[in-house]
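Heads up: the structure comes next, in structure tokens.
Naming convention: chains lettered A, B, ... in sequence-line order (proteins, then strands); numbering from 1 in each chain. Atoms considered below: every heavy atom in the structure, side chains included; atoms not considered: hydrogens, waters and symmetry mates.
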Number of protein chains: 2
Amino acid sequence: MAANTPRKTRDADATRARILAAAKKEFARSGLGGARVDEIADRAKANKRMIYHYFGNKEDLFRIILEEAYTDIRTAEQKLELEHLPAREALEKLIRFTWTYYLKNPEFITLVNSENLHKARHLKKSDKIDELFRRFVGMVGDLLERGVAEGVFRPGIDPVQLNITIAAIGYYYLTNRFTGSIVFKRDLMAPEALEERLAFNIETIMRLVCVTP
Amino acid sequence: MAANTPRKTRDADATRARILAAAKKEFARSGLGGARVDEIADRAKANKRMIYHYFGNKEDLFRIILEEAYTDIRTAEQKLELEHLPAREALEKLIRFTWTYYLKNPEFITLVNSENLHKARHLKKSDKIDELFRRFVGMVGDLLERGVAEGVFRPGIDPVQLNITIAAIGYYYLTNRFTGSIVFKRDLMAPEALEERLAFNIETIMRLVCVTP
DNA sequence: TAAAGAAGTAACTGTTTAGTGCGTTAATTG
DNA sequence: CAATTAACGCACTAAACAGTTACTTCTTTA
């Protein structure tokens with residue numbers, strides 16, 4: 001079993017990164033309460049002691065994972081550069097992005113769910129989050145204003161309510177995909193079903209925001 | 001401490017009921033993984049042994065609680081008698097009901113979240129659920145058809161997609177109220193905020209479904 | 001190259017947890 | 001009212017769990 005990868009015998013950064021990746025998976029899979037530190041150590045191929053050495057304890061580790069998750073989605077959003085598109089196109093791009101992000105990053109949803117089960121007590125301790133979201137709400141607010149100026153959006157729409165709604169119609173569908181597939185007797189995760197839902201969501205938001213549908 | 005209530009020393013039904021109520025609270029508060037059987041016994045003022053006697057084990061207890069929760073919301077929905085109202089009024093009534101039910105029964109949301117974290121493995125075992133949801137989807141389907149006949153609704157709307165959307169815009173707001181209140185820097189649970197959200201949700205659905213907003 | 005410090009490990013501790021064995025007490029019925 | 005049945009409770013177990021102690025091994029640098 002001679003490894004051809006020249007893996008270092010000791011590499012703090014790599015070990016930290018492996019622990020973070022493993023913890024994200026485990027927290028997403030089982031929630032904060034159900035996640036097992038031993039399991040994280042195994043997945044990360046690290047000794048459990050290292051987790052406590054680098055991250056203090058289980059709760060702190062969860063907080064760091066959560067901060068990373070929020071930073072990741074908001075960073076990706078910034079890269080959309082919606083300000084360079086006509087308002088309607090920009091809005092549709094945002095809806096598509098939100099949906100696709102949730103779809104490709106199901107851990108994000110589970111982590112947020114878990115944090116809300118715990119009444120956001122980890123997020124309260126975080127100071128990185130403020131700036132992140134100020135910019136995000138600003139972005140959607142600017143987009144709405146621009147749309148009104150272009151004559152394509154209705155005036156008076158609250159950017160926070162719109163944000164919540166765009167997130168909701170994707171997030172709910174995906175987070176409840178298991179019970180949903182049973183009670184509605186269709187595979188909500190089939191490719192055609194996913195396409196259909198995205199189209200429905202775009203229609204929902206466009207009818208809500210635009211002056212002429 | 002002479003009790004004036006003539007409480008029976010032995011009452012199987014009452015004990016069962018206390019256990020179910022306590023379990024619902026505990027599962028809602030901490031999820032399936034975080035819930036503690038000892039805690040349920042304490043809250044129910046019952047001996048832990050009774051839980052295993054009446055319900056088998058923790059997972060079976062969870063399944064029963066979940067079935068009860070779904071039965072409760074679907075039963076309440078049937079009582080709305082939407083078929084006796086003009087389509088637009090009926091739709092608005094359904095939106096208001098959904099919102100108010102989630103608001104008054106936050107355990108429902110947490111239980112469903114927990115079940116989805118576990119990939120709906122308890123619901124899969126349940127046979128009570130089928131009939132419950134067939135009637136529900138039928139109800140909304142009939143409502144949509146009637147609205148089209150009345151000339152107030154657009155044709156071709158999928159009742160399942162509409163159902164999901166009505167649920168989503170209320171459910172997401174409420175399940176994520178803790179993180180939401182932090183990142184948006186407003187108290188999402190303030191009475192004015194709740195009213196505002198309900199109004200926004202009604203507008204969202206009406207614009208989606210109606211021919212003339 | 002020696003010393004210091006950082007990376008890594010195995011085995012352990014004290015506690016919590018779901019689940020039980022077995023006895024006791026109250027209600028029911030022949 | 002005796003005997004059976006059902007409700008209830010104490011005290012335990014075996015496993016799982018977060019977190020730690022005490023140690024070894026590798027890397028860096030004065």
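Mapping Arg18(B) and Asn47(A) onto DNA chain D by nearest heavy atom places Arg18(B) closer to the 5' end of the strand.
Between Arg16(B) and Asp13(B) there is no salt bridge, since none of the side-chain N atoms of the basic residue sits less than 4.0 Å from a carboxylate O of the acidic one.
Atom P of nucleotide dT13(D) and atom NZ of Lys48(B) are separated by 14 Å, given to the nearest angstrom. Taking atom CD1 of Ile19(B) as the reference point, atom P of dC8(D) lies 8 Å away to the nearest angstrom. Between the NE2 atom of His53(A) and the C1' atom of dG8(C) there is a distance of 10 Å, given to the nearest Å. When the C1' atom of dA18(D) is taken as reference, atom CG of Leu32(A) falls 12 Å away, rounded to whole Å. In this structure, Glu39(B) atom CD and dA18(C) atom P are separated by 11 Å, rounded to whole Å. As rounded to whole Å, 13 Å separates atom C1' of dC17(D) from atom CD of Glu26(A). When rounded to the nearest whole Å, the span between CZ of Arg10(A) and P of dA6(C) equals 12 Å. Asp42(A) has its CG atom 12 Å from the P atom of dT9(C), to the nearest Å.
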Glu67(A)/Ser126(A) under side chain to side chain donor-acceptor pair (under 3.5 Å): CA gap, chis, key distance, verdict: CA-CA 8 Å; Glu67(A) 283 173 350; Ser126(A) 174; 2.7 Å; yes
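Between dG8(C) and Thr15(A), a contact under 4.0 Å exists linking OP1 or OP2 to a side-chain N or O. Between Arg36(A) and dC17(D) there is a side-chain polar atom (N or O) within less than 4.0 angstrom of OP1 or OP2.
Looking at the side chain of Arg49(A), the nearest of the listed nucleotides dA10(C), dG19(D), dC8(D) is dA10(C). Closest contact between the side chain of Met50(A) and the listed nucleotides dT9(C), dC8(D), dA18(C) involves dT9(C).
For the pair Glu77(B) (side chain) and Phe136(B) (backbone), a donor-acceptor distance under 3.5 Å is absent. In this structure, the side chain of Tyr173(A) engages the main chain of Leu188(A) through a donor-acceptor pair within 3.5 Å.
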